[in-house]
Amino acid sequence: MPEKPYDHREIEARWHAEWQDQPLYQAEEDSRKPKYYVLEMLPYPSGELHIGHIRNYSIGDALARYQWMRGYNVLHPMGWDAFGLPAENAALKNGRPPREWTLENIEKMKRTHRRFAFSYDWNREVTTCEPEYYRWNQWFFLKMLEKGIAYRKKALVNWCPQCATVLANEQVVNGCCWRHETTPVEQRALEQWFLRITAYADQLLDDMRQLEGNWPDRVLTMQRNWIGRSEGAEVDFTSAAGPLRVFTTRIDTIYGATCVIVAPEHPLVATHAAPELQAQAKAMVDARSSQGPGDVVKEGFFLGLHATNPFSGEPLPIWVGNFVLMGYGTGAIMAVPGHDQRDFEFCTQYGIPVVPVIRPVDGALADADNMTEAFGDDGIVENSGPYSGLPSAEARARMTARAEQEGFGKAAITFRLKDWGISRQRYWGTPIPVVHCPVDGVVPVPESQLPVLLPAEIQITGSGRSPLENDPAFVETTCPRCGGPARRETDTMDTFVDSSWYFYRYCDARNSAAPYDPAKIDYWFPIDQYIGGVEHAILHLIYSRFWTKVMRDIGLIRNAEPVRKMFTQGMVINNGAKMSKSKGNVVNADDVAEKHGADAARLFALFAAPPEKEVDWTDAGIEGIYRFLGRVYRYATRNIDGAGGDGSADEAVLRKLHQTLRKITEDFDSRWHFNTSIAAVMELLNELIAEESRLSKAAMTQVLELLTFMLAPFAPYLSQELWDMLGHTGPVFKQSWPAYDAALAQEAGAEIVLQVNGKVRGRTVVPFGTEAEQLKTLALAHEKVSSLVAGKTVVKIIAVVDKLVNVVVK
RNA sequence: GCUGGAGUGGCGGAACUGGCAGACGCACGGGACUCAAAAUCCCGCAUCCUUCACUGGGUAUGAGGGUUCGACCCCCUCCUCCAGCACCA
């Protein structure tokens with residue numbers, strides 16, 4: 001058969017039509033096959049897929065298809081993170097109702113998904129803005145309220161004036177909003193709903209040990225830092241205003257404390273500071289909140305009060321310092337300028353004495369007058385009453401014990417992690433299911449009344465409060481307890497709530513009686529492989545882990561962790577910047593599919609770099625892949641029913657064929673460096689073309705079939721076309737992944753590198769396993785080697801079986 | 001500042017366990033086919049020296065040192081870049 005040109009449009013259109021209404025990718029219920037749950041992070045439905053998405057999904061899809069071929073019952077679902085601010089902004093801008101806008105975007109993106117033939121089980125699709133989904137957010141919220149995990153408090157919150165809403169701590173980047181990177185976040189006091197994630201801090205930390213090895217170290221490190229567990233002690237300093245509690249990790253330095261510093265928001269300021277000092281503290285708070293990224297200059301003032309060091313009995317001045325955080329520890333510290341750099345800077349600035357009390361294990365105590373920086377290491381405690389001479393660690397233990405005995409302190413653990421504020425003053429989110437009753441206070445909506453529906457018709461104003469407040473039909477209700485008039489809560493939930501458990505819903509997506517059937521979770525969980533961007537290393541991935549633990553404690557599920565293996569793929573860079581709408585460098589997936597085809601786009605996304613690394617998008621790069629696919633196609637079409645050659649190249653070609661298959665299989669099972677898998681297929685093709693006329697018909701048949709299989713996880717359209725051309729029926733990815741033939745893949749002999757003084761001077765082929773002694777003899781007999789050795793003394797000869805010989809001469 | 005990670009041709013990257021540095025692709029140069037172009041195919045492509053040529057040799061994995069018969073790989077010092085955290089007491 002003469003070769004045919006590669007027409008990606010024709011091939012992809014044909015199979016697209018063929019597959020359109022077929023349930024090809026459904027996961028089986030009640031299967032006896034082993035399960036494999038592969039998941040890619042669900043996208044926000046912005047309206048278009050770009051190449052960054054394509055990369056994420058191409059990795060997951062290759063894996064899903066490979067696992068199908070390996071005989072697994074694969075669950076590979078997709079959904080939409082459909083609540084969130086852009087829908088409201090779109091509504092403001094062009095008057096489209098958020099739901100309508102969102103659903104339309106979803107339809108558009110789904111078309112692109114199908115065009116790329118990603119193997120999702122669309123029967124399990126989850127759309128988080130639909131009541132069938134968000135009612136379970138509300139249900140979980142009520143459970144958490146019962147358990148005391150959800151609670152309400154007035155708190156200083158991060159407020160973004162641009163978003164006109166509250167941000168979680170995790171959403172504040174360098175003092176600015178994560179969505180508006182130049183807008184400083186303000187502090188406001190509001191009644192907010194919180195989830196007590198801090199109660200799980202230790203578990204979140206401890207269970208990371210189960211994840212080690214299967215999650216990227218980088219992600220685990222970031223989570224550990226985020227949780228920020230510190231062991232130390234709380235100690236009461238006595239003062240005229242009552243006991244003042246500080247948190248310290250270095251109680252061993254307490255004899256070196258020269259003042260106590262409180263945060264400007266500390267209650268002591270409000271109760272005991274003179275009015276002008278209170279104004280000064282307030283100014284400090286405001287200055288800090290409006291300060292953007294960069295260094296905050298240390299500032300402070302004397303409060304006019306003293307506190308007594310419970311160990312030394314010494315009176316110390318109480319200062320207010322702008323670098324002391326109310327939100328961490330007790331909001332008050334003991335300043336030990338001799339052994340803490342921050343305290344050193346503050347105290348020297350205000351002339352507060354420096355008193356060194358720790359010396360290096362093998363050195364002398366520093367001289368206070370000549371210090372230029374604090375000595376922050378552990379050492380030997382000096383000038384510290386009965387503790388003098390003890391190593392730091394022991395001093396800490398004894399001092400803490402004494403504080404506990406005498407009731408002025410205790411061992412304490414402080415976390416950097418704070419409770420998760422979930423209230424948002426927004427319309428397009430899950431309504432928080434409580435009502436405010438003048439008689440009964442805050443009353444949960446009974447489960448039977450769920451879901452609390454978001455009203456469809458709403459005037460989005462963009463002003464500070466939730467648009468829901470302006471909808472009397474929503475706000476005005478009756479108290480479920482007393483039946484009197486009451487107001488609904490108008491805050492909605494943070495959208496990270498939606499994504500904290502969506503992957504459980506995939507297991508039972510149409511359940512209307514419960515979030516899911518626990519038996520199904522038992523079968524499918526944990527997720528075998530989760531794939532997504534590293535930008536979610538802390539937010540989404542910590543919340544998800546927390547939610548799983550809560551569901552377990554409610555008694556719904558048994559697994560403590562949702563994700564067994566995590567993979568973070570690198571970003572796609574275009575023109576030196578991360579692709580984003582605001583930078584205007586987005587490469588649209590449909591455009592690429594039109595020009596070069598979905599197969600080429602997918603293959604290039606995998607070929608350009610190892611999946612965990614960033615990858616530069618280049619039009620030229622995808623051209624190369626497109627040419628490769630064309631060569632494969634033309635090679636196949638012109639050889640598919642040819643007469644065959646004399647077979648003189650069969651042995652070499654089949655060896656290469658099975659070596660390539662072995663490499664791809666190994667890449668899937670270990671390191672996922674699909675760029676080298678694809679390079680190996682290219683190498684194979686180069687050899688196939690070179691030896692084309694010398695291949696027997698039987699060998700050619702085997703070549704074409706295995707080549708088709710090798711491409712099946714990466715290029716579904718082309719491989720299906722080839723499979724069809726080869727006279728087979730049915731989807732190629734439902735065939736069994738072929739086992740490579742180890743005997744065929746075996747090289748004829750070992751190539752031994754011959755070196756003199758570590759430099760390669762020749763090589764020779766010997767039977768595998770040829771012994772070292774024999775290799776040495778062979779090497780010395782080698783013409784090139786012997787000429788270089790002649791006239792010199794052989795110092796030694798190193799021989800490594802099947803690898804090399806190195807003759808060392810002098 | 002702290003904590004991770006990374007530096008290899010013009011570019012993206014390979015070299016998996018200390019054993020042939022530069023696979024594969026892009027770009028580039030030359031050639032074939034063509035009236036011409038596109039497409040396609042063939043050849044070359046780290047660098048310097050040597051040779052008419054075949055060839056042969058030296059130098060190269062951010063810089064400098066070390067360990068080793070042998071180092072992109074291990075150790076030490078330094079430089080640069082990227083990411084995360086950033087007064088967390």
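In what follows, every chain begins at residue 1, and chains take the letters A, B, ... in the order their sequences are listed.
- Remark: A/Gln223 CD to A/Leu417 CG distance equals 10.0 Å, nearest 0.5 Å.
- With hydrogens and angles left out, the side-chain atoms of A/Tyr633 and A/His8 include no donor and acceptor closer than 3.5 Å.
- Counting non-hydrogen atoms under 4.0 angstrom, A/Arg218 reaches the backbone sugars and phosphates but no base.
- At most 12 non-hydrogen atoms from other residues, nucleotides or ligands lie less than 6.0 angstrom from CZ of A/Arg218.
- Both A/Phe247 and A/Val615 sit near RNA chain B, but only A/Val615 has its closest nucleotide nearer the 5' end.
- Residue contacts shown for A/Lys298 include a base, since a base heavy atom lies under 4.0 Å away.
- An OP1 or OP2 oxygen of B/A15 is reached within less than 4.0 angstrom by a side-chain nitrogen or oxygen of A/Arg671.
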Restricting to nitrogen or oxygen on both sides, can you table the protein-nucleotides 42-46 of chain B pairs closer than 3.5 Å?
none

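- Note that the OG1 atom of A/Thr330 and the CG atom of A/Leu244 stand 7.0 Å from one another [nearest 0.5 Å].
- Contact between the side-chain N/O atoms of A/Asn686 and the OP1/OP2 oxygens of B/A23 is not found at any separation under 4.0 Å.
- Listed by first residue number, the stems of RNA chain B with at least three Watson-Crick or G-U pairs below 3.5 Å are B:1-7 with B:79-85, B:10-12 with B:24-26, B:28-32 with B:40-44, B:46-49 with B:56-59, B:62-66 with B:74-78.
- The base of B/C20 sits with one of its N or O atoms less than 3.5 Å from a complementary donor or acceptor on the side chain of A/Glu751.
- OP1 or OP2 of B/G13 has at least one side-chain nitrogen or oxygen of A/Lys613 nearer than 4.0 Å.
- A cation-pi arrangement is absent between A/Lys298 and A/Phe346 under the rule of less than 6.0 angstrom and at most 45 degrees off the ring axis.
- Regarding contacts with the backbone of B/C26, a side-chain N or O of A/Arg627 is found under 4.0 angstrom from either OP1 or OP2.
- The side chain of A/Thr676 places no N or O atom within less than 4.0 Å of a non-bridging phosphate oxygen (OP1 or OP2) of B/A23.
- For the pair A/Met284 and A/Gly300, the tightest heavy-atom approach, listed with the atom from each and the gap, is CE-CA, 3.8 Å.
- Residue contacts for A/Val324: at a heavy-atom cut-off of 4.0 Å it reaches a base atom on one of the strands shown.
- The ring of A/Phe415 has its center no closer than 6.0 angstrom to the ring center of A/Tyr328.
- Using bins of under 30°, 30° to 60° and over 60° for the plane-to-plane angle, the ring pair A/Phe375/A/His339 lands in the perpendicular bin.
- At most 12 non-hydrogen atoms from other residues, nucleotides or ligands lie less than 6.0 angstrom from CD of A/Glu771.
- A sub-4.0 Å separation between OP1 or OP2 of B/A39 and a side-chain N or O of A/Arg634 is absent.
- Using a 4.0 Å cut-off, some side-chain N or O of A/Asn675 falls inside it from OP1 or OP2 of B/A14.
- Within 4.0 Å (heavy atoms only), A/Gly228 reaches no atom of the nucleic acid at all.
- Of the listed nucleotides (B/C85, B/G57, B/C24), B/C85 has the atom at the smallest distance from the side chain of A/Ile538.
- Within the nucleic acid shown, A/Gln755 comes within 4.0 Å of at least one base atom, counting heavy atoms only.
- Within the structure, every side-chain polar atom (N or O) of A/Arg416 is placed at least 4.0 Å from both OP1 and OP2 of B/C85.
- The listed nucleotides are B/G70, B/A27, B/C87; the one nearest the side chain of A/Asn806 is B/G70.
- When distances run from any side-chain atom of A/His673 to the nucleotides B/C26, B/A14, B/C24, the shortest one goes to B/A14.
- Between A/Lys803 and B/G19, a side-chain N or O to OP1/OP2 separation shorter than 4.0 Å is absent.
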